[in-house]
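Computation of the quantities below employed the complete heavy-atom set of this structure, encompassing side-chain atoms and omitting hydrogens, waters and symmetry-equivalent molecules. Lettering of chains follows the sequences in order, A, B, ..., and the numbering in each one begins at 1.
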Protein chains: 2
Amino acid sequence: MPYQDGTFGCPVDVGLQLINGKWKPKIIYELLQQTCRFGELHRRIPGVSRHVLTTQLRELEEGGIVQRNAFLTVPPKVEYSLTEFGQRLEPILEQIMKVGEHYISQQKQEAAADPPS
Amino acid sequence: MPYQDGTFGCPVDVGLQLINGKWKPKIIYELLQQTCRFGELHRRIPGVSRHVLTTQLRELEEGGIVQRNAFLTVPPKVEYSLTEFGQRLEPILEQIMKVGEHYISQQKQEAAADPPS
DNA sequence: CCGGATCCTTACTGATACTG
DNA sequence: CAGTATCAGTAAGGATCCGG
């Protein structure tokens, strides 16, 4: 994430890099709720393919956000959880949720003011 | 953003929809600092093409986050700013920045503990 | 069950040229 | 100045098949 000279860019850019990815915030959100196995995570995030889910998890792992715990059993079992650093991302998701809530209540008001024909 | 039946999904999903886009959070961040003309915004966000910047701005406009103000002058002048709702996204960016800061300080510590040869 | 390998389709960039 | 149009090249995501 640092430049070649070892310096860093604007903190916002660094933070954005970490969660930059179509499904990453959603993944983080689900892992904040609970540690998840791969298949469970896949079910909880409708629309994502297994392949992409894998690659995004790998990238989150590289960023030190997600921890991968593989049990060498048959059948295999892999648990994903957040690192200590990953748990620090909770406020981001919390704020996103608040905005979502506000957007919803806003839309409901407009719907009430302009009732369907 | 609502389903056909008028209901909404999980607030986090709704919030993510609004800022889902490679450059949208960065655009919002820049507009939080100041109202910007198109060219200025383009300069402040290195890496984005004019075409994509335009489309992302249009989408943010549809989401009620960004306001477009065109002056019918010669030469033309277009100012982009955040709506009242858009300004409510500030806490999201604030938290992203905090995470970025923490990540940077973390990396610096590791660099100090493991000095370059 | 987890996920790598492959192929394919979009999305995005960069450059350039053109319009109001 | 603020876009739109086009083209070529790259990157990101999706679909499918295969293997431990």
A.B. asks: Does any pair with a residue in residues 38-64 of chain B pass ring-ring contact (aromatic ring centres under 6.0 Å, His included), and if so which ones, sequence neighbours excluded?
C.D. replies: none
A.B. asks: Can you name the nearest heavy-atom pair linking A:Leu16 to B:Pro25, along with the distance?
C.D. replies: CD2-CB, 3.4 Å
A.B. asks: Side-chain donor-acceptor contacts of residues 64-77 of chain A below 3.5 Å, not counting sequence neighbours, with atom names and distances?
C.D. replies:
{"from": "A:Arg68", "atom 1": "NE", "to": "A:Tyr80", "atom 2": "OH", "distance (Å)": "3.3"}
{"from": "A:Thr73", "atom 1": "OG1", "to": "A:Pro75", "atom 2": "O", "distance (Å)": "2.8"}

A.B. asks: Check side-chain contact (heavy atoms from CB on, under 4.5 Å) between B:Lys24 and all other residues, then give those that pass, not counting sequence neighbours.
C.D. replies: B:Gln56, B:Glu59, B:Leu60
A.B. asks: Find every protein N or O atom lying less than 3.5 Å from an N or O atom of nucleotides 17-20 of chain C, and list the pairs.
C.D. replies:
{"from": "C:dA17", "atom 1": "N6", "to": "B:Arg50", "atom 2": "NH2", "distance (Å)": "3.2"}

A.B. asks: Mind checking if A:Tyr80 touches a base, just sugar-phosphate, or nothing, with heavy atoms under 4.0 Å?
C.D. replies: sugar-phosphate
A.B. asks: Can you pull the contact range of chain B along DNA chain D, 5' to 3', using atoms under 4.0 angstrom from its heavy atoms?
C.D. replies: D:dC1 to D:dT4
A.B. asks: Taking only the side-chain nitrogens and oxygens of A:Arg68, find out if one of them lies under 4.0 Å from OP1 or OP2 of C:dC2.
C.D. replies: no
A.B. asks: Can you sort out which residues in residues 23-40 of chain B have a heavy atom within less than 4.0 Å of DNA chain D? Ascending by number, please.
C.D. replies: B:Arg37, B:Phe38, B:Gly39
A.B. asks: Quick one: salt bridge (charged side-chain N to carboxylate O under 4.0 Å, His left out) pairs with a partner in residues 25-51 of chain A, sequence neighbours left out?
C.D. replies: A:Lys26-A:Glu30, A:Lys26-B:Asp13, A:Glu40-A:Arg44
A.B. asks: Among residues at least two apart in sequence or on other chains, which ones pass side-chain contact (heavy atoms from CB on, under 4.5 Å) with A:Glu84?
C.D. replies: none
A.B. asks: Pick base, sugar-phosphate or nothing for A:Gln56, based on heavy-atom distances below 4.0 Å to the nucleic acid.
C.D. replies: sugar-phosphate
A.B. asks: Would you mind classifying the nucleic acid contact of A:Val52 as base, sugar-phosphate or nothing, using non-hydrogen atoms under 4.0 angstrom?
C.D. replies: base
A.B. asks: Under the side-chain contact (heavy atoms from CB on, under 4.5 Å) rule, collect the residues that match up with A:Glu90, sequence neighbours excluded.
C.D. replies: A:Leu32, A:Glu94
A.B. asks: Are A:Thr54 and C:dG3 close enough that a side-chain N or O sits under 4.0 Å from OP1 or OP2?
C.D. replies: no
A.B. asks: Applying side chain to side chain donor-acceptor pair (under 3.5 Å), can you list everything that pairs with B:His102, at least two apart in sequence or on another chain?
C.D. replies: A:Arg88
A.B. asks: Between B:Leu82 and B:Thr35, is there a side-chain heavy-atom distance shorter than 4.5 Å?
C.D. replies: no
A.B. asks: End-to-end bend of the helix from C:dC1-D:dG20 to C:dG20-D:dC1 (five-pair axes, 10° rounding)?
C.D. replies: 50°
A.B. asks: Just checking A:Val48: base, sugar-phosphate only, or nothing, at a heavy-atom cut-off of under 4.0 Å?
C.D. replies: nothing
A.B. asks: Taking only residues two or more places apart in sequence, or in another chain, which ones meet B:Gln87 in a side chain to side chain donor-acceptor pair (under 3.5 Å)?
C.D. replies: none
A.B. asks: How many angstroms lie between CD1 in B:Ile96 and CG in A:Leu89, if you round to the nearest 0.5 Å?
C.D. replies: 9.5 Å
A.B. asks: Distance from A:Glu79 atom CD to A:Leu31 atom CG, nearest 0.5 Å?
C.D. replies: 10.5 Å
